[in-house]
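Following: one structure in structure tokens, then a few remarks.
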Number of protein chains: 2
Amino acid sequence: MSGVRAQQKQKTRQALIEAAFNQLSADHSFSNLSLREVAREAGIAPTSFYRHFKDMNELGLTMVDEAGLTLRQLMRQARRRIASGGSVITTSVVTFMEFIDNSSNQFRLLLRERSGTSKAFRAAVAREIKHFILELAHYLESETPCNASQAYIQAEAMVTLVFNAGAEALDIEGQQRDELVERVIWQLRYITRGASNYVRENKTDSA
Amino acid sequence: MSGVRAQQKQKTRQALIEAAFNQLSADHSFSNLSLREVAREAGIAPTSFYRHFKDMNELGLTMVDEAGLTLRQLMRQARRRIASGGSVITTSVVTFMEFIDNSSNQFRLLLRERSGTSKAFRAAVAREIKHFILELAHYLESETPCNASQAYIQAEAMVTLVFNAGAEALDIEGQQRDELVERVIWQLRYITRGASNYVRENKTDSA
DNA sequence: AATCTGAGCGTACACTTGTAAGCTAAAATA
DNA sequence: TATTTTAGCTTACAAGTGTACGCTCAGATT
């Protein structure tokens with residue numbers, strides 16, 4: 001059981017995943033991919049595809065998982081940057097924009113399948129985004145004065161805004177892009193300020 | 001030139017548009033539609049399709065326009081409700097949720113093509129949403145103390161959050177749905193409060 | 001060493017797709 | 001009334017799709 005065989009299998013499996021990601025672009029979504037094309041780019045016969053995935057859906061869900069993983073790694077990186085003295089909001093936004101640029105196809109997959117035609121896909125993407133929100137909510141709850149519910153609502157809004165800004169960023173460059181980033185930063189500030197303001201108000205009420 | 005001919009043409013043109021909308025659903029997006037299927041449902045031969053549209057893209061852009069129209073009508077309705085004494089935020093959100101329910105396929109089209117594979121589609125949807133944002137920004141600027149830039153940033157955030165909540169609402173019902181609506185209402189309040197708070201601060205600074 | 005397993009292949013088939021070409025007949029025009 | 005226009009039709013084709021079936025032969029197992 002040296003695993004020469006299993007190793008090779010893993011390799012072509014990964015080749016399929018990468019082939020699929022490579023074929024994603026601004027004008028090619030996952031549902032546009034064909035099993036045959038993916039197999040061709042991965043260098044195997046169409047029918048060999050089935051040795052690795054039941055169908056294209058299964059490939060797709062695997063890809064969503066992989067994109068989610070990238071996203072979580074990104075979060076960790078952002079946290080590190082913040083810990084070493086960056087502004088929370090700006091650092092988060094800038095880090096996310098790097099994700100858009102460096103892993104645009106991963107992001108595109110999440111973006112599109114979030115509202116795609118497969119319920120399983122939508123659920124998978126929603127799960128990944130929820131991770132994101134929960135982590136942020138946890139951070140907000142521990143670092144700012146607010147309860148769990150307020151933290152979650154706040155985090156959800158922030159993630160939604162950043163994610164959406166990312167989507168818009170895909171189509172623009174240069175100054176327009178900078179303006180977009182500046183706008184979303186202000187939007188996050190509004191959220192933060194508004195939330196903390198309501199918290200203070202509640203405390204006054206109950207005092 | 002009684003127009004019997006032109007009238008009939010308009011009728012089947014509309015039949016094509018409606019057939020296409022009817023074929024949209026939770027698990028059937030515009031890019032899944034085929035010219036033949038649409039023609040079949042509209043009751044004409046596949047090749048007759050070309051008497052009305054150059055290709056499916058042209059049909060799609062027409063559909064986006066139609067959905068945009070529905071959206072603008074919705075805005076007018078919301079404004080009427082607000083004028084007759086409703087809470088701005090709650091009324092807007094509730095009205096939007098009615099749009100999601102009553103015209104789900106129109107909404108689905110905008111939702112999906114916003115991040116779809118055709119740049120023309122994305123631009124068309126972005127344009128419709130921008131109308132929405134600009135109208136709201138104009139309202140905010142005239143009814144609350146803030147400058148044009150602040151109003152726009154605020155309006156953009158609010159529209160993004162409501163639009164996104166709509167997307168999530170498509171997949172859920174009942175209590176979860178109510179909770180979602182409540183969350184987005186709070187998010188809008190945070191935005192409003194945060195923005196007005198920053199405005200006050202600026203005034204204090206410059207005074 | 002003998003046997004089994006399974007990743008990858010080639011062939012084949014039944015479908016669906018977009019659309020080209022040319023016809024028909026009814027409405028519009030002159 | 002004679003002519004032109006055109007919405008819709010039928011037929012036809014080439015291209016691409018998913019996948020069933022059965023083979024091979026290198027690696028794993030016994």
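No experiment lies behind these values; they were computed from the predicted model shown. Lettering follows sequence order; numbering is per chain, from 1.
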Quiz item: Going by number, which of residues 46-60 of chain A have a non-hydrogen atom under 4.0 Å from DNA chain C?
Solution: A:Thr47, A:Ser48, A:Arg51, A:His52
Quiz prompt | Listed partners of A:Asn197 passing side-chain contact (heavy atoms from CB on, under 4.5 Å), at least two apart | solution = A:Arg200, B:Arg193, B:Asn197
Practice problem: Could you check how far CG of A:Leu35 sits from P of D:dT19, rounded to whole Å? | Solution: 7 Å
Quiz item: Starting at CZ of A:Arg13 and ending at C1' of C:dG6, how long is that distance when rounded to a whole Å?
Solution: 16 Å
Quiz item: With respect to the side chain of B:Arg5, which nucleotide from D:dT19, D:dG27, D:dT5 is positioned closest?
Solution: D:dT5
Quiz item: Does the cation-pi check pass for B:Arg183 over B:Trp186, that is, NZ or CZ under 6.0 Å from the six-membered ring centre and within 45° of its axis?
Solution: no
Quiz item: Toward the 5' end of DNA chain D, which comes first, B:Thr12 or A:Glu37, by nearest nucleotide?
Solution: B:Thr12
Self-check item: Spacing between A:Gln23 atom CD and D:dG16 atom P, to the nearest angstrom
Solution: 14 Å
Quiz item: Do the side chain of B:Arg36 and the base of C:dT19 come within less than 3.5 angstrom through a donor-acceptor pair of N or O atoms?
Solution: yes
Self-check item: Pairs touching residues 130-157 of chain B that satisfy ring-ring contact (aromatic ring centres under 6.0 Å, His included), sequence neighbours left out
Solution: none
Practice problem: Starting at atom CZ of B:Arg40, determine the distance to atom C1' of D:dT10, rounded to an integer number of angstrom. | Solution: 15 Å
Quiz prompt | Rounded distance (Å) that lies between atom C1' of C:dG8 and atom NZ of A:Lys11 | solution = 15 Å
Exercise. Hey, could you give me each pair passing ring-ring contact (aromatic ring centres under 6.0 Å, His included) that has a residue in residues 37-70 of chain A? Not counting sequence neighbours.
Key: A:Phe49-A:Phe53
Self-check item: B:Ala6 or B:Leu33, whichever maps to the more 5' nucleotide of DNA chain C
Solution: B:Leu33
Quiz item: What residues form a ring pair (Phe, Tyr, Trp, His ring centres under 6.0 Å) with A:Phe21, not counting sequence neighbours?
Solution: none
Exercise. Using whole Å, report how far CG of B:Asn32 lies from P of D:dT17.
Key: 15 Å
Quiz item: Which whole-number value in Å describes the distance from B:Lys9 NZ to D:dA7 P?
Solution: 4 Å
Practice problem: Give the ring-plane orientation class for A:Phe96 versus A:Phe107, where under 30° counts as parallel, over 60° as perpendicular and anything between as tilted. | Solution: perpendicular
Quiz item: B:Gln10 near the nucleic acid: base, sugar-phosphate alone, or nothing, with a heavy-atom cut-off under 4.0 Å?
Solution: nothing
Quiz item: What pairs of residues pass the ring-ring contact (aromatic ring centres under 6.0 Å, His included) test when at least one of them lies in residues 109-128 of chain B, not counting sequence neighbours?
Solution: B:Phe30-B:Phe121
Quiz item: Rounded to whole angstroms, how far apart are CD1 on A:Ile44 and P on C:dA7?
Solution: 11 Å
